[in-house]
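FYI, side chains are in, hydrogens and waters are out, and symmetry mates aren't considered; it's all heavy atoms of this structure.
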Amino acid sequence: MKDPNNTRDTVPRRGSPLWVYIVCVTSAGVVALAGSVAFLHGDDLRELGRNPLFWILAGLIVLGELKPIITPGSTETTGAAISTTFTFATMLYVGMPTALLLQAVATVASGVLRRRAIHRNAFNVGQYTLSFTAAGLTLLAFGITARPCQVWVPDGRDLLPMALAGTAYFLVNSLLVNAAIAFHERGSIIKAMRWNLGLQLLVHSALLGLAPLVAVAMSRSAAFVPLFVLPFIAVYLNASVSLSREHQAMHDALTGLPNRKLLIVRTEEALANARHRAERRAAQGRVVDEDPQQRVGLFLLDLDRFKEVNDTLGHPTGDRLLQLVAHRLTHSVRPGDLVARLGGDEFAVLLPSVRDARAAREVAARLRAALGEPVRLDGNSFDLDGSVGIALHPDHAPDFELLLQRADVAMYVAKENRTGVEIYSPARDRNSPERLSRQSELRRAIDRGELELHYQPKIFLDDGRPAGMEALLRWRHPAKGLLTPDQFLPIAEQTYLMRGITGFVVEAALAQVAEWWRAGLEIQVAINASGRDLLDATLTETIASGLLRHAVPPHSLQLEITERILMTEPAYAADTVAALAKLGIPLSLDDFGTGYSSLVRLRSLPVEEIKIDSSFVGRLCDTGDDAVIVQSIVDLVHTLGLRSVAEGVEDERTVGLLRKMGCDAAQGYHFRPPMAAADATAWLRERAHELAAPEEAAC
């Protein structure tokens, strides 16, 4: 049965090394076949047509191609074909042209019946033709030739030339096949040839060793030849049983994918190769980190909401869905990567070599894109999705178990945060010694007052007036200096510390707002709210009591919420958002363009401002696509009657483009980096006459 997860039938990209290699081997094989068949005379063809031996041989060669001896540990591509014996015997008895012709016909017939891709059939014809041509030329070097009208029967004195001819066939055939495997899997030819070399040598020696006996039997009677099929049947059945047992031990019964046992074997091989490359580069005095093939990647992928399918439609439908997922994953990874099923709806993907974390993310994104294609089963339509955790060697772990554990940590972070793909970070590993240490330090930092707010202005693009200030959290670490939120907030968001940090931010921001407003600097200050903050029912109470204590109006404070949190957690965040709206706190939608906002929901929320994500703004001058996206967002925001703010503005050229697009305001290092409170106060005093009241700025 054809393996649905076999990727070797996938047509290689035109111009790729594999494509070029297949074209070269096929072309050389066709030329060799045509040149050899041209030596057949009319008498030879007539003799072949009326000789029953020819038809018996043709049938046995076709049958041998259809039923190869699949040696344990091999595949249908690397198994030894029984046809080898009869084709080699044909070459000895009636010559190379006849043997090549019969083998080519048998290869095409087998490929059609097995529904192999055309490029594989063409390559196999070229591979066999060149291999047997090498054997035939070796015999010719010893003066051994034969024709249908002038047969040759070997005797004991011809053992050496026949042994050399068999060796030539084996070497050329192994080189051609394993080179194709190496190109397909983007691996080493030597590594491909080493795999099961001893077993393949033994099996081919037996097959080629029987060929002279078949040739001698031909000279006696054609009736003797079919008798050789009997020992082959016994060998075939025995090998099939062995293969079946090994396959069951190493593969998942439902999907046919490798299981955990085979994943461990392949991962250990990849890790050993990576260490060997690193040691070799170190011995040569070369920089290990510059090796583009040094890293090994391990992904852990878990389907989202798969349990709902099983519970609703039953396990048979769930099983078919898992088989479809296995097929999609196998055809989405790079050649040479390994997809395994660990159990349930959990899959693993091994990247034996990967350049860096960015390249690993690209593979993971391709996997999720393949899963995202709609599925129809039993009249039902499914939208699949999955969360992927990535761990790399040697960056994150030295061995398989730790690599898998850390990929699991990253996968659960991706699932919890609904980000889809995450790379392992010690800061997010609840069991990481580094994380536990940082967590203790952060708790002490809150108690000791080491947290502080810096302020970055938002500027109106039409006249340069301040549109507001964004409060940005910093940790003045006694040993590591000033730390940004990405260096410590991921730890806090998964612990009880987040509530204390949020309380500090609200209190410090409102205290600063009150100080500025009493000094006549009426500027709106924005603070960032995390997903955990929105799920905390006490957030509104904290802000309300702070406004009352510092005697500042609600519109003096603004809450920035990321688009992802607002759109992926609407049910949980609705109560908090409604309470904030009732309190009079306006919202700013941060990182806009990176999620999937509903326009209806946007219109119903107390949002006064949309912030265009810096990933688009930063490339505004480089690509036309980002300019189109930014322009579309600005037009949409204006249609909704909101204010547009561009984040991450770094140069005057970007300012000019944003101004032409009609963007209302911007912030970034081009205008001013985040400033300590004292510096921000001095900066505002210099522009006191330019300040707009928050009510006016919100229009």
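Using a 4.0 Å cut-off between charged side-chain N and carboxylate O, Asp356 and Arg358 make no salt bridge.
Remark: Arg275 pairs with no residue by the salt bridge (Lys or Arg N to Asp or Glu O under 4.0 Å) rule, at least two apart or across chains. Every residue meeting the side-chain contact (heavy atoms from CB on, under 4.5 Å) condition with Leu113, not counting sequence neighbours, appears here in chain and number order: Leu66. With sequence neighbours excluded, no residue forms a ring-ring contact (aromatic ring centres under 6.0 Å, His included) with Phe299. Taking Glu268 as the reference, Ile264, Leu271, Phe400 meet the side-chain contact (heavy atoms from CB on, under 4.5 Å) condition, with sequence neighbours excluded. With sequence neighbours excluded, the residues that form a ring-ring contact (aromatic ring centres under 6.0 Å, His included) with His396 are Tyr424.
With hydrogens and angles ignored, the 3.5 Å screen pairs no side-chain donor or acceptor of Ser36 with any backbone N or O of Ala32. Remark: the backbone N or O of Gly386 is paired with a side-chain donor or acceptor of Arg368 at under 3.5 angstrom. The backbone N or O of Leu392 sits nowhere less than 3.5 Å from a side-chain atom of Arg295 that would complete a donor-acceptor pair. Although no hydrogens or angles enter the test, the distance criterion places no donor-acceptor pair under 3.5 Å between the side chain of Ser110 and the main chain of Ala106. In this structure, Arg260 contributes its side chain and Leu342 its backbone to no donor-acceptor pair below 3.5 Å. Under a 3.5 Å cut-off, the side chain of Asp158 and the backbone N or O of Asp155 do form a donor-acceptor pair. Within the 3.5 Å criterion, the main-chain N or O of Leu262 finds a donor-acceptor partner in the side chain of Asn259. Counting only distance, with no hydrogens or angles, the side chain of Arg341 and the backbone of Gly344 share a donor-acceptor pair below 3.5 Å. A donor-acceptor pair is defined here as one N or O able to donate and one able to accept, closer than 3.5 Å; such a pair exists between the side chain of Tyr21 and the backbone of Leu176.
In this structure, the separation between CG on Leu322 and CG on Leu303 is 6.5 Å, given to the nearest 0.5 Å.
Within a 6.0 Å sphere centred on CZ of Phe142, heavy atoms belonging to other residues, nucleotides or ligands number more than 12. Within a 6.0 Å radius of CG in Leu137, other residues, nucleotides and ligands contribute more than 12 heavy atoms.
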Show me, pair by pair, the donor-acceptor contacts under 3.5 angstrom made by side chains of residues 94-104, not counting sequence neighbours?
from   : atom 1 : to     : atom 2 : distance (Å)
Gln103 : OE1    : Thr87  : OG1    : 2.6
Gln103 : NE2    : Glu65  : OE2    : 3.2
Gln103 : NE2    : Thr107 : OG1    : 3.2

